[in-house]
Amino acid sequence: MALEFSPETLKKFEETVARYPKKEAAMLPVLYLAQQEFGCLSPEAIEYVATLMEQAPARVQGVVSFYTMFNTKPIGRHHIQVCRTLSCALGGAERIMALIKRKLGIDLGQTTTDGRFTLSEVECLASCGTAPMMQINDAYYENLNEEKTEKILDSLK
Amino acid sequence: MSFGIARWRTAFFASIRPNKMEKILLRNIDVPDFHRLATYESAGGYRSWHWVVENMKPAELIDEVKASGLRGRGGAGFPTGMKWSFVPKDSPKPKYLVCNADESEPGTFKDRLLMERDPHAVLEGTLIAAYAIQSHTAFIYVRGELAFGTTRLEQAVAETYQAGLIGKNIFGSGYDLDVIVHRGAGAYICGEETALLSSLEGSRGWPKVKPPFPATHGLFGCPTVVNNVETLAALPWILERGAPAYAALGTEKSKGTKLFSVSGHIAKPGVYELEMGYPFKKFLEEDCGGVPNGKKLKGVIPGGGSMPVLRPEEIEKVNLDYESVQAAGSLLGSGGVIVMDETTCMVRAAWNIARFYAHESCGQCSPCREGCHWMEKIFHRIEHGAGDPADLDLILNISGNIMGNTICPFGDAAAMPAAAFVKKFRDEFDAHIAEKRCTLRVE
């Protein structure tokens, strides 16, 4: 098999599984470990997780495809996720999205050729009082306007 | 005993009923470093947890919370103490307590605030609820996107283990409790309790048919209680001051206080804590500063994206409690208040909400899986000038066929707002269809 966890990640895997009452309950945390280690959950990564979790690859694939935070293809260093749900839409999320598309020259679901940014549109991120907003990797950027959004993008290398 | 004094003081203060409501959930939200155990404890934190483990039997604790009148703050409003009492006492299976921190209802951001700024209150509530049902393993299921809140809760759990507040033989009582912070991975449906449990079992977040209810057949088929973050965060105060102090607040059937997340076209958006039964109009105009820029109110969603929109004339006499909002034709839900001014295109708003449900439907039940996408397409074509006069009745027909015909409340949550937008703003929909364009957008 091509893919394997490093010894450190394998240790984390064992610790994670040990905390849960049943092994299968550790599926999401283990998939996060795999995504972090391998960059994305490719068919090979899914097969490896299936072996570790003692489950059929199809079952693991079914879990991966259900959740939006698992990426089956490589993404850019900075994953921009712009909220599009009602409160952000009322606050001008469409303008923010248009600016990002224009500035980066990419459309939804695409990655810049230098691998710096991937652009996505997401549903409500529980930041409606500070709309419009976007999430880049784990960080929230709130109360956005065009000028602020531009500065944020420029600051990310 | 300091607790006796605290309770006496509350009875005294309750009797004089100050004008300015005492905050329960947000009382420490602006205190610097309140996410640290030392700060939380210096403000009296974990005294309730000590009190419960050292002095209370689980049945007494359940009775106390029943007497407080606390109801689930995730949206359904089910009495918390009663939910706990459904867990069988003599089951040979392990029992589980799950804190539902999967906040994703459109327009709702109160749980996120509590997790980030007062994580120990959420945790202490989780511990108290676990003790009530005699669970030895509690989970906090946090929405995957909320990385900061997850970190704060993980730190809080690590601190309490270190301080001996959780783990084995807590305070020498013989009671053991472990807490696991579990991160979701992006799926609105996992906020529904049976979907959450499927997800926690390592599967797709598919809701399960009820009955059997989680109280008897929950996580891995074991007795399980799922409580919302805000519900749990109220417990330390209730135990500290006593059930009567909490029950003295609010209305006859909606006790205590509730958090409201206010967003959209409003001067002062944010999270507010109100005594149940507070007048809606006064809240929007005085506390939240009203609709800004001299604009008029066009519509307001009172309880998160799943709930029917209300017209300005419909909120005139509404109070913010479960019964009053229901009587007005909507529901209090999560308390996510989305305000829309006169410039808002209601067709576009309806499309936005319908698109949300089309994206988030788990796909198990045909009426929801098919109906949500169908409604989204119809709203989209009306907004983009390709609507047909028969489309509006079609929306009402589809939403009527989803309502009550799915195994979880998601179907209703998609159907109710769609029908409400059409019924309450029919003129605007008709104009879009007749003029074959959005009548409010300046292109």
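A, B, ... follow the sequence lines: proteins, then strands. Residue 1 opens every chain.
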More than 12 heavy atoms from other groups under 6.0 Å of [atom1] on [X]:
X: Lys148(A); atom1: NZ; value: yes
X: Lys11(A); atom1: NZ; value: no
X: Lys12(A); atom1: NZ; value: no

**Study point:** Heavy-atom pairs under 4.5 Å with chain A, option from Cys190(B), Gly305(B), Gly144(B) with the top count
**Key:** Gly144(B)

Review point. When heavy-atom pairs shorter than 4.5 Å are enumerated against chain A, which of Gly363(B), Ser199(B), Gly270(B), Gly264(B) gives the highest number?
Key: Ser199(B)

Side chain from CB out, backbone as N, CA, C, O: work out which of these in [X] comes under 4.5 Å of a heavy atom of chain A, or both, or neither.
X: Leu219(B); answer: neither
X: Val181(B); answer: backbone
X: Glu201(B); answer: backbone
X: Tyr188(B); answer: neither
X: Phe148(B); answer: neither

To the nearest 0.5 Å, what is the distance between [atom1] on [X] and [atom2] on [Y]?
X: Leu90(A); Y: His265(B); atom1: CG; atom2: NE2; value: 4.5 Å
X: Asn352(B); Y: Cys88(A); atom1: CG; atom2: SG; value: 9.5 Å
X: Leu86(A); Y: Arg348(B); atom1: CG; atom2: CZ; value: 11.0 Å

Where [X] and [Y] come nearest, the two heavy atoms and their spacing:
X: Leu28(A); Y: Gly184(B); answer: CD1-CA, 4.2 Å
X: Ser203(B); Y: Arg59(A); answer: OG-NH2, 2.5 Å
X: Phe109(B); Y: Ala126(A); answer: CB-O, 3.2 Å
X: Arg204(B); Y: Ser65(A); answer: NH1-OG, 3.2 Å
X: Cys128(A); Y: Ser263(B); answer: O-CB, 3.2 Å
X: Pro106(B); Y: Cys124(A); answer: CA-SG, 3.6 Å

Looking at [options], which has the largest count of heavy-atom pairs under 4.5 Å with chain B?
options: Val30(A), Asp138(A), Val60(A), Asn137(A); value: Asp138(A)
options: Ala89(A), Gly62(A), Gly91(A); value: Gly62(A)
options: Gln55(A), Lys22(A), Met27(A); value: Lys22(A)
options: Arg84(A), Arg19(A), Gln135(A); value: Arg84(A)

Exercise for review: Take Leu146(B) and Tyr140(A), measure what side-chain contact (heavy atoms from CB on, under 4.5 Å) needs, and give me the verdict at the end.
Suggested key: CA-CA 9 Å; Leu146(B) 302 179; Tyr140(A) 274 34; 3.2 Å; yes

Practice item. For a side chain to side chain contact (heavy atoms under 4.5 Å, CB included) with Ser87(A), tell me which candidate from Val339(B), Ile301(B), Ile338(B) qualifies. Key: Ile338(B)

Point to revise | Backbone of Gly205(B) reached by a side-chain donor or acceptor of Tyr67(A) within 3.5 Å | key: yes

Exercise for review: Answer yes or no: is there a donor N or O on one side and an acceptor on the other, between the side chain of Glu123(A) and the main chain of Glu360(B), under 3.5 Å?
Suggested key: no

Review point. Run the side-chain contact (heavy atoms from CB on, under 4.5 Å) check on Glu145(B) and Val122(A) step by step: do they pass?
Key: CA-CA 11 Å; Glu145(B) 288 89 340; Val122(A) 293; over 6 Å; no

Review point. In terms of ring plane angle, is the pair His182(B) and Tyr20(A) parallel, tilted or perpendicular, where the classes change at 30° and 60°?
Key: perpendicular

